[in-house]
Amino acid sequence: MDKFVIKKNQVKSKRSHIEECAGHSDVGVPEESLTVKKSRCDVAAPLLEQSYVWRRIRADNLSCDYTSLFNKTEANEILQQLEREIVYFSGDMSKVQVFGKWHNVPRKQVTFGDAGLTYTFSGITLSPKPWIPVLDLIRERVKSATGHLFNFVLINRYKDGNDHIGEHRDDEKELIPQSPIASVSFGASRDFVFRHRDSRCASSVRRIEPVKVELAHGSLLMMNFPTNVYWYHSLPVRRKVIAPRVNLTFRKIVPQSLK
DNA sequence: GGCTTGTCAGATTC
DNA sequence: AGAATCTGACAAGC
């Protein structure tokens, strides 16, 4: 499948092109082979316009789109700002119970979002922190690249390659049905792995290859419906990674007034 | 009734 | 041959 370019002022029409192509027969093709070539806006693209080269990642009921959202200079600046300004949860808020045992989560987490929103985290209902300029800037860039406006972000900080997250799906009831999730990364590149729910244990009949994506500094990964219905994802340990990674997953939470 | 954002041990890969 | 990675087990509680 081709990479293709979207100009900022053409977001709507080109996005519909993405959707239109989403059902094509590239199902099950290894992700690497989907990347063929970059296309460029041919003539007279206005100089100041930002354009994005998207990589389509497709498998059986998996639909993701990947692009570089910030250049290296921008990404460096934003990472520094995030590292200065973001204060993560601590204490009980950084623990989780699995199979009856309590653990400290092997990463740091915090949430930001629109005033009045609430969400449930480890069984407790919480309000996200109010937006701050650096997060609003990232949110606006995501909107200009995708057309989607998000009202909530979960920030995960992985201090090095030993910090990780286990397999899970982002299938909270509080998400607007069928809304995409936008994952923006800064800092160390990390592997991100999808596994189909039907190929997770030896007993399962279906053999579906995992899909791996490397999430680079300044990148955006759009996870579109129905990816999260069928595919689990994880950020596995990578012992050789010594630098931190800060990841922001933007979501659309159902507003309190509609609950 | 079904699922689990955790770790760990043993198998497997590099 | 050792280190890194992968995979399944776990058996409590919401």
* Asked: Are OP1 or OP2 of C:dA9 and a side-chain N or O of A:Lys101 less than 4.0 angstrom apart?
  ->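 Checking C:dA9 against A:Lys101, no side-chain N or O comes under 4.0 Å of OP1 or OP2.
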* Return no unless some side-chain N or O of A:Arg239 is found under 4.0 Å from OP1 or OP2 of C:dG2. =>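 Checking C:dG2 against A:Arg239, no side-chain N or O comes under 4.0 Å of OP1 or OP2.
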* Asked: Just checking A:His164: base, sugar-phosphate only, or nothing, at a heavy-atom cut-off of under 4.0 Å?
  ->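 Sugar-phosphate, backbone atoms only, no base.
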* Asked: With a 4.0 Å cut-off on heavy atoms, is A:Arg238 in touch with a base, just the backbone sugar-phosphate, or nothing at all?
  ->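 It contacts sugar-phosphate atoms only.
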In whole angstroms, how far is the [atom2] atom of [N] from the [atom1] atom of [X]?
X	N	atom1	atom2	value
A:Arg195	B:dT4	CZ	C1'	15 Å
A:Lys240	C:dA3	NZ	C1'	9 Å
A:Leu175	B:dT5	CG	C1'	14 Å
A:Phe99	B:dA9	CZ	P	16 Å
A:Glu167	B:dT4	CD	C1'	12 Å
A:Tyr158	B:dG6	OH	P	8 Å
A:Asn228	B:dT5	CG	C1'	12 Å
A:Arg200	B:dT5	CZ	P	10 Å

* **Sidechain-backbone polar pair: A:Glu74 side chain, A:Asn71 backbone, donor-acceptor under 3.5 Å** =>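 Present.
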* Pairing partner (Watson-Crick or G-U wobble, both distances under 3.5 angstrom) of C:dG2 ->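 Here C:dG2 is engaged in a pair, and the nucleotide opposite it is B:dC14.
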* Name the closest nucleotide to the A:Pro106 side chain, picking from C:dC6, B:dT5, B:dT7. =>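 For the A:Pro106 side chain, the nearest candidate turns out to be B:dT7.
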* **Ion pair A:Lys252/A:Asp114, N-O distance below 4.0 Å** =>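 No, A:Lys252 and A:Asp114 are not salt-bridged.
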* Asked: Do the side-chain N and O atoms of A:Arg107 and A:Asn156 include a donor-acceptor pair separated by under 3.5 angstrom?
  ->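 On atom types as modelled, these side chains qualify, holding a pair under 3.5 Å.
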* To do: State, without any angle test, whether A:Asn61 and A:His196 hold a side-chain donor-acceptor pair at a distance under 3.5 Å.
  =>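 The answer is no; no qualifying pair exists.
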* A:Trp131 and A:Phe152: which non-hydrogen atoms are nearest, and at how many Å? ->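 The pair with the smallest heavy-atom distance is CZ2-N, 3.7 Å.
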